[in-house]
Structure formats: C-alpha cells, structure tokens
Amino acid sequence: MSAPPPPPPLSARLRQLCDDLIAHLVPGPALTMAELIRAKLNAPLTVTVAGGVSSGKSTLVNALLGQRIAAVDAGECTRVVSEFRYGTHERVEVVATNGNVSVLPLVRGRMPSELGMPVDQVAHLVVYLSNALLAHMAVVDTPGLNTVTEVNEEATANFLGISGREGEQTAGAVSKADALVFLLPLLRQADAEVLRGFAKLFGDSTLSSASAIAVLSKIDRLAKGNDPLAAAAPIAERVGGELRGVVSAVIPVVGLLAEAAQGEL
C-alpha cells in the first residue's frame with residue numbers, strides 16, 4: 001500500500017479555513033477580521049529591524065538579505081523607513097507624504113545617496129530586489145532612534161526619541177510588523193528598562209514577546225583577541241533574564257562579520 005499523502009502546510013490549512021468562514025459569514029466585524037487574516041496569510045512575513053543611532057541596524061539588514069544594499073552611512077536613506085520587498089525589476093520607490101511616488105534606480109546595486117526631494121517630504125521607501133530571500137519575507141530597516149542614558153517618568157512617551165519624526169516613522173513600521181529585531185549595541189543597565197518601555201509603547205500592535213528578539217550587536221568590542229561570541233554568551237543570558245516577557249531571546253551577533261559572510265554568497 002502506498003503511504004497517504006502528507007497533510008497540507010499549516011498556512012494552507014489556515015487559508016482554507018478563512019475561505020470557508022468568509023463564504024458563510026455575513027457582513028460585520030467577524031467577516032472583516034476573517035478577510036484581514038486571509039490577506040495577512042497571503043502576504044510575506046514582515047520583519048522589522050529597530051534600534052538606536054549607530055546600533056548596526058543597516059549592517060544587520062544587509063546580513064539578513066545576503067547583500068550589501070542598505071545604506072550604513074549617515075545619508076538620506078538612513079533617516080526614513082526602507083521596506084525591502086521582492087521584485088524582478090529592481091528599483092527604489094520613494095513614497096512622498098502627499099502620496100506621490102517617484103522611482104529611482106539602484107546605484108551599482110546599492111541604495112542611492114539622494115532621494116530627489118527633502119527628507120521631511122518622504123513617507124517611506126520601497127526597495128524591490130530580485131532576491132529569493134524576499135519571496136516569502138519582507139525586511140524593514142528603520143531610522144536610528146535617539147538613545148537615552150537613563151529612564152525617567154517620560155520614558156514611555158519619549159522612548160528613544162519616539163516623539164521625533166524618525167521616531168514616529170519607526171513607530172508606524174513596528175506597529176505593522178510580524179516580527180521585531182531590536183538592537184542593543186551598548187550593554188547598559190538602562191537598556192532593559194528602555195526595551196520594556198518599547199514593548200508597552202506598541203502594546204496595541206500584533207507583536208508580542210514571542211515575535212520579538214533583542215540582538216547584542218557590536219560584541220566584537222567586548223573581548224580583544226578572544227572569541228567575542230563566547231565572551232558575550234553570559235551577558236546575553238543575563239540580559240535575557242532581565243527581558244523575560246519582553247522578548248523571546250537575546251542573541252549576540254558580530255554584525256560586520258555576518259554582513260561580510262552573507263555578502264559573499
């Protein structure tokens with residue numbers, strides 16, 4: 001006897017369930033919710049990378065994509081949200097705050113240094129790449145937030161400069177994310193409280209501790225001449241205990257090494 005066919009993937013089963021519900025529900029909140037879930041299942045997983053200024057976000061984005069595309073200097077692109085999505089025609093779409101869209105080419109395979117309009121008139125960028133990794137996942141790079149040195153009574157409202165334009169753009173990107181990667185380049189006691197404030201700030205989004213991780217970036221500065229990953233392991237374990245219930249894991253990463261390794265693929 002031949003073996004029975006394997007069950008369909010969980011995502012396919014969920015889509016079928018939504019289709020069955022949509023076919024039988026009357027207009028109302030339940031139908032709207034089913035349609036939203038169905039649309040979400042058809043869309044690529046959105047992974048948003050956030051963190052303070054010079055935390056290594058764009059370097060990590062390049063490592064995730066396996067190519068050096070995201071701007072890592074202090075150019076115009078680092079001040080706006082950049083969404084990396086799959087597309088056979090590679091280009092950068094500059095979406096203005098008034099809804100207009102202009103198209104720019106990549107410059108030798110990288111983001112352009114200028115956007116053709118003042119940065120304060122740019123809502124976000126959509127970068128289309130013929131990168132197979134993006135067929136099922138969209139990666140979002142956010143502006144660097146202004147880090148703080150201590151937490152005070154206004155920390156939630158002004159978390160990492162969240163009241164500024166770059167902060168508001170990051171807030172919008174995180175609220176739409178399926179998963180969050182938050183970079184912690186500096187190992188300060190205040191970092192744990194700051195990230196807790198971040199979790200509270202976006203408590204109404206679809207994110208939870210199960211879909212958020214913290215990354216200890218730039219750990220190569222911890223141990224000169226020794227293995228930085230080994231040196232960072234006990235620190236990651238300690239920070240993970242402090243952030244229990246806020247993120248699912250704390251992972252040490254040498255961002256530049258990861259970018260270099262992936263960039264050669």
Side-chain angles (χ1 to χ4, degrees), residues 45-86 90 92 106-115 119 124-129 131-134 137-147 160-161 166-167 169-170 173-174 177 179-188 191 194-195 198 212-224 227-233 235-236 239 247 249-265:
L45 178 75
T46 299
V47 178
T48 294
V49 180
V53 173
S54 300
S55 61
K57 292 182 295 72
S58 297
T59 298
L60 183 60
V61 166
N62 287 336
L64 289 173
L65 294 174
Q67 64 181 111
R68 293 181 178 133
I69 176 68
V72 297
D73 55 11
E76 293 181 350
C77 290
T78 63
R79 297 173 57 192
V80 296
V81 170
S82 298
E83 304 176 13
F84 296 90
R85 300 189 177 277
Y86 181 80
E90 295 193 334
V92 178
L106 298 177
V107 180
R108 293 187 292 277
R110 299 200 179 188
M111 300 278 285
S113 59
E114 298 180 356
L115 301 177
V119 173
H124 63 277
L125 308 178
V126 183
V127 185
Y128 290 96
L129 302 173
N131 184 325
L133 293 173
L134 294 173
M137 177 181 70
V139 177
V140 180
D141 191 9
T142 59
L145 301 170
N146 295 319
T147 55
L160 294 180
E166 285 84 358
Q169 285 198 332
T170 297
V174 170
L180 170 67
V181 178
F182 192 90
L183 273 66
L184 299 172
L186 302 177
L187 304 176
R188 301 171 303 195
D191 285 334
V194 167
L195 192 46
F198 188 84
I213 65 170
V215 169
L216 300 182
S217 57
K218 302 185 179 181
I219 62 167
D220 49 301
R221 301 178 181 179
L222 289 177
K224 295 182 178 179
D227 183 358
L229 289 174
I235 300 173
V239 176
V247 296
V250 177
I251 303 173
V253 170
V254 182
L256 288 176
L257 181 60
E259 180 189 38
Q262 292 293 338
E264 295 300 323
L265 297 179

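Along the sequence shown, residues carry numbers from 1. Predicted model only: the values in this text are computed from it and were never measured. Scope of the values below: all heavy atoms of this structure, side chains included, with no hydrogens, waters or symmetry mates.
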Exercise. Is there a side-chain contact (heavy atoms from CB on, under 4.5 Å) between L216 and I235 once you walk through the steps?
Worked result: CA-CA 9 Å; L216 300 182; I235 300 173; 4.2 Å; yes
For this session: Apply side-chain contact (heavy atoms from CB on, under 4.5 Å) to the pair Q67 and L129, showing each step before the final yes or no.
Result: CA-CA 10 Å; Q67 64 181 111; L129 302 173; 3.8 Å; yes
For this session: Assess whether side-chain contact (heavy atoms from CB on, under 4.5 Å) is satisfied between D141 and V139, documenting all intermediate values.
Result: CA-CA 7 Å; D141 191 9; V139 177; 6.0 Å; no
For this session: Starting from the C-alpha separation in whole Å, work towards a yes-or-no answer on side-chain contact (heavy atoms from CB on, under 4.5 Å) for S82 and M111.
Result: CA-CA 10 Å; S82 298; M111 300 278 285; 3.7 Å; yes
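For the atom pair CG (L184) and OG (S217), the distance works out to 7.5 Å, reported to the nearest 0.5 Å. Taken to the nearest 0.5 Å, the CZ atom of R68 stands 6.5 Å off from the CZ atom of R110. The line from CD of E90 to CG of L106 is 5.5 Å long, rounded to the nearest 0.5 Å. With values rounded to the nearest 0.5 angstrom, F84 atom CZ is found 8.0 Å from L125 atom CG. If you take CE on M137 and CG on L45, they are separated by 7.5 Å, rounding to the nearest 0.5 Å. Rounding to the nearest 0.5 angstrom, the gap separating the CG atom in L64 from the CD1 atom in I69 is 14.0 Å.
Proximity of R85 to L134: side-chain heavy atoms (C-beta onward) are nowhere separated by under 4.5 Å. At least one side-chain heavy atom of V140 sits under 4.5 Å from a side-chain heavy atom of T46. No side-chain heavy atom of L133 sits under 4.5 Å from any side-chain heavy atom of L65.
The two residues P112 and V92 come nearest to each other via the heavy atoms CD-CG2, 3.9 Å. Taking both residues in full, the closest heavy atoms of V61 and A70 are given as CG1-CB, 4.1 Å, listed atom of the first, atom of the second, then distance.
With N131 contributing its side chain and Y86 its backbone, the two residues share no donor-acceptor pair below 3.5 Å. Of the possible donor and acceptor atoms, one in the side chain of K57 sits under 3.5 Å from a partner among the backbone N and O of T142.
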